Amino acid sequence: MYISALYHFPVKSLQGHSCESLSLDRFGAAGDRRWMLVDSDDQFVTQRRLRAMARLKATNIDGGVRIESASGEQVEIAQPGQSAGLRRVIVWGDTVTARDAGDGVARWLSEQLQTPVRLVAMGRSSPAR
């Protein structure tokens, strides 16, 4: 087997980044697709529906994630703690629990994408397909 490249995608359907190595957990690449955007119905959103997501790049940082726009604007979001609001979100027909990342990043992302969205983080026990 030959692996020609590795990519990590912290936020589902946003740009990821190349990397030299990946740690694995029981869901695959650790930290991969552990965040996602949801609409006002708590349905996950992908580039299939919202092409503008392709212009945002996500990178894991210590304790959270950084999202950068094509113009270079960026926001850093801390991993939501136990006090963060829980949302029941729908991913490919499954309902899972995720922690809301807050109003500030929701406003920033909604402005960037020109549609209302919220950023949520999946728990350690929830697969992010």
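Every heavy atom of this structure was used, including side-chain atoms; hydrogens, water molecules and symmetry mates were not. Because the structure is a prediction, the values reported are computed rather than measured. Counting from 1, the numbers follow the sequence of the chain as shown.
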Could you report the tightest heavy-atom contact between [X] and [Y], atom names first, then the distance?
X	Y	value
Asp41	Asp39	N-OD1, 2.9 Å
Ala121	Pro80	CB-CD, 3.7 Å
Met53	Ser13	CE-CB, 3.5 Å
Met36	Phe44	SD-CB, 3.5 Å
Ala101	Trp35	CB-CZ3, 4.0 Å

Determine, step by step, whether Phe27 and Arg33 satisfy the side-chain contact (heavy atoms from CB on, under 4.5 Å) criterion, reporting the C-alpha distance in whole Å, the side-chain angles of both residues, the deciding distance to 0.1 Å, and the verdict. CA-CA 10 Å; Phe27 301 121; Arg33 295 173 182 90; over 6 Å; no
Atom pair [atom1]/[atom2] of [X] and [Y] - distance to nearest 0.5 Å:
X	Y	atom1	atom2	value
Leu119	Leu37	CG	CG	6.0 Å
Leu56	Leu14	CG	CG	5.5 Å
His8	Asp32	NE2	CG	4.5 Å

[X] versus [Y]: any side-chain heavy-atom pair under 4.5 Å?
X	Y	result
Val89	Thr95	no
Lys57	Ile67	no
Gln15	Phe9	no

Determine whether Arg88 and Val96 satisfy the following criterion, side-chain contact (heavy atoms from CB on, under 4.5 Å), listing intermediate values before the conclusion. CA-CA 6 Å; Arg88 295 187 48 79; Val96 297; over 6 Å; no
Using the rule given for side-chain contact (heavy atoms from CB on, under 4.5 Å), can you reason through Thr59 versus Val65, listing the C-alpha separation, both sets of side-chain angles and the distance that settles it, and then say yes or no? CA-CA 6 Å; Thr59 308; Val65 67; 5.9 Å; no
Are any of the side-chain nitrogens in Asp42 or Arg118 under 4.0 Å away from the carboxylate oxygens of its partner? no
Between Glu76 and Arg66, does at least one N-O distance fall below 4.0 Å, as a salt bridge requires?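 Looking at Glu76 and Arg66, the cut-off is met.
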Ile3 and Tyr7: same hydrophobic cluster, using ILVMFWY side-chain contacts below 4.5 Å? no
Going hydrophobic residue to hydrophobic residue with side-chain gaps under 4.5 angstrom, can you get from Met122 over to Leu24?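 Each belongs to a different hydrophobic cluster.
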Give a yes-or-no answer on whether the side chains of Arg55 and Gln112 include a donor-acceptor pair shorter than 3.5 Å. no
Where do Gln43 and Arg49 land on the side-chain contact (heavy atoms from CB on, under 4.5 Å) test, with the steps shown first? CA-CA 11 Å; Gln43 172 77 40; Arg49 186 168 135 202; 4.2 Å; yes
